[in-house]
A.B. asks: 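Let me begin by handing over the structure; questions about it come next.
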Amino acid sequence: MREAFNIESGKHYVAGHRGMVGAAIVRALQQAGARQIVHKTSNELDLRDSSAVHRFFEAERPDYVFLAAAKVGGIWANSTYPAEFIYDNLQIQNNVIEASRRFGVRKLLFLGSSCIYPKLAPQPLKEEYLMTGPLEPTNEPYAMAKLAGMSMVRAYRQQYGSDFISVLPCNLYGPGDNYHPKQSHVMAALLRKFSEAVRQGSAEVEVWGTGSPLREFMHCDDLASACLFLMEHYSSEEPVNIGTGTEISIRDLAGKIAEATGFQGKLVFNPEYPDGTPRKVMDSTRLMEMGWRAKVDLGLGIRETLGGLSSADF
Ligand code: GFB
């Protein structure tokens, strides 16, 4: 019989705590009463270094692990640094998952992404559609690494009885995002572009691609809430989609952000940049049937994220 997930008394290790997702998970754990949260910066602990990771786990012996550390980025970053995306992510997840098994971690949550579904899988995406067709070329190495991580989670459950689970979030945004002008995801990139355009009085903002692709966005605090919910209530080898079920075109998203920032100028769509996957809205029935729902409305989430931006972000 597996022991219940005990937030208060358990020792939680959040790998990647300084990233947008990791920081949101730390906030959620603190708000839920967690008293022992351990984390290390990438300078303190390089998760690609197997012996360093094993030394850390031997010393800290966490009960629960949230594997939110990864090399992530938007469509341009994935297309530009494919070797780093596959190497770093394979190294990180191999080391953390194996060390978690070796040092008796009670439960581990592995984060995949909706971008690892086949490019043209039927929509909305159901978990069983994974691995049923060719991947989106712009982030195939990243997707292969994440698919390998999910396979590892299943294999460790089967061979060692490890209580490890995998989740698949949709596109995310919120405080602490990466606002790098080229390497960021679309939400962060547009929040930055429109904010700077208003500040500088620019007449136009460049939006990459045609604007026609559809994306599903969730606030990182909702994702963190879903992760704690699944750590408490879910224990199976099947991955779980974490989405809102609502999609928006890049064009309409740009319009929403222009309105939220008060930008009055022109949107210029640049088709020299790739559109990527045309759609990737997920079917999150498996999660919703367990009783969890996303709470943060997209318009409100965009305004709150804008309001929280500071010069430290850009
Ligand atoms: O978030 P994003 O970069 O990646 O979104 P994906 C890319 C979509 O937004 C493309 C358009 O259709 C872009 O043409 N876009 C418009 C922009 N303006 C911009 C901009 O200024 N910056 C960016 N980045 N995009 C990612 C995967 O796919 O999804 C990652 O590559 C990750 O691995 C992430 O899984 C969740 O949503 O296409």
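Numbers here simply count residues along the sequence, with the first being 1. In listed order, ligands and their atoms are each counted from 1.
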A.B. asks: Taking the six-membered ring of Y13, is NZ or CZ of K40 closer than 6.0 Å to its centre and within 45° of its axis?
C.D. replies: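 No - K40 does not lie over the ring of Y13 by the 6.0 Å and 45° rule.
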A.B. asks: With a 4.0 Å heavy-atom cut-off (strictly under), which part of K280 contacts ligand 1: side chain, backbone, both or neither?
C.D. replies: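 Near ligand 1, K280 shows its side chain, while the N, CA, C and O stay back.
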A.B. asks: Any Lys/Arg nitrogen of D163 or K107 sitting under 4.0 Å from an Asp/Glu carboxylate oxygen of the other?
C.D. replies: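 Judged by the 4.0 Å cut-off on N to carboxylate O distance, D163 and K107 do form a salt bridge.
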A.B. asks: Ligand 1 and P274, any nitrogen or oxygen pair closer than 3.5 angstrom?
C.D. replies: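 Yes.
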A.B. asks: Which of the atoms in ligand 1, numbered in the order shown and given with their element, are less than 4.0 Å from a heavy-atom of S184?
C.D. replies: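 Those atoms are 24 (N).
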A.B. asks: Of all the heavy atoms in G73, does at least one lie under 4.0 Å from an atom in ligand 1?
C.D. replies: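 So G73 counts as touching ligand 1.
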A.B. asks: Mind checking whether R215 contacts ligand 1 via backbone (N, CA, C, O), side chain (CB onward), both or neither, at a 4.0 Å heavy-atom cut-off?
C.D. replies: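 Only the side chain of R215 comes within reach of ligand 1.
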A.B. asks: What do we get for K193 next to ligand 1 when only non-hydrogen atoms under 4.0 Å count, side chain, backbone, both or neither?
C.D. replies: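 Near ligand 1, K193 shows its side chain, while the N, CA, C and O stay back.
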A.B. asks: Going by distance only, is there an N or O of W208 that falls short of 3.5 Å from an N or O of ligand 1?
C.D. replies: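 Between W208 and ligand 1, an N or O pair is found under 3.5 Å apart.
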A.B. asks: Hey, does L190 come in under 3.5 Å of ligand 1, counting only N/O atoms on both sides?
C.D. replies: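 Not met; the criterion fails.
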A.B. asks: Pull out every atom of ligand 1 sitting under 4.0 Å from any heavy atom of H185, numbered as shown with elements.
C.D. replies: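 In order of numbering, the contacting atoms are 1 (O), 3 (O), 24 (N), 32 (C), 34 (C).
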A.B. asks: For ligand 1, is there an atom lying under 4.0 Å from some heavy atom of T138?
C.D. replies: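 It does not; every heavy atom stays at 4.0 Å or beyond.
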A.B. asks: Give the ring-plane orientation class for Y179 versus F314, where under 30° counts as parallel, over 60° as perpendicular and anything between as tilted.
C.D. replies: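 Because their plane-to-plane angle lies in the 30° to 60° range, the rings of Y179 and F314 count as tilted.
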A.B. asks: Report the part of I75 in contact with ligand 1, treating N, CA, C, O as backbone and CB onward as side chain, heavy atoms under 4.0 Å; options are side chain, backbone, both, neither.
C.D. replies: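 Under 4.0 Å from ligand 1, I75 contributes backbone and side-chain atoms.
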A.B. asks: Using a strict 4.0 Å cut-off to heavy atoms of G209, name the atoms of ligand 1 that fall inside it.
C.D. replies: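 Per the distance check, 14 (O).
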A.B. asks: Quick check: does K182 get an N/O under 3.5 Å from an N/O on ligand 1?
C.D. replies: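 Such a contact does not occur with ligand 1.
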A.B. asks: Strictly by modelled atom types, are Y117 and N241 linked by a side-chain donor-acceptor pair under 3.5 Å?
C.D. replies: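 Result is yes, a qualifying pair exists.
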A.B. asks: If we set the cut-off at 4.0 Å for heavy atoms, which region of V186 has an atom near ligand 1: side chain, backbone, both, or neither?
C.D. replies: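 Both parts.
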A.B. asks: Is the gap between the ring centers of Y160 and Y156 under 6.0 Å?
C.D. replies: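 Close enough - the centres of the two rings lie under 6.0 Å apart.
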A.B. asks: Is Y142 touching ligand 1 with its side chain, its backbone, both, or neither, if touching means heavy atoms under 4.0 Å apart?
C.D. replies: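 For Y142, only side-chain atoms sit under 4.0 Å from ligand 1.
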A.B. asks: Need the ligand 1 atom indices (1-based, order shown) with element for anything under 4.0 Å from a heavy-atom of N78.
C.D. replies: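 Taking each heavy atom of N78 in turn, ligand 1 has 30 (C), 31 (O), 33 (O) under 4.0 Å.
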A.B. asks: So among Q36, H39, R55, K11, which one has a side-chain hydrogen bond (donor to acceptor under 3.5 Å, both in side chains) with E60?
C.D. replies: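 So the option named by the test is K11.
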A.B. asks: Using a strict 4.0 Å threshold on nitrogen-to-oxygen distance, state whether E98 and R101 make a salt bridge.
C.D. replies: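 Salt bridge present between E98 and R101.
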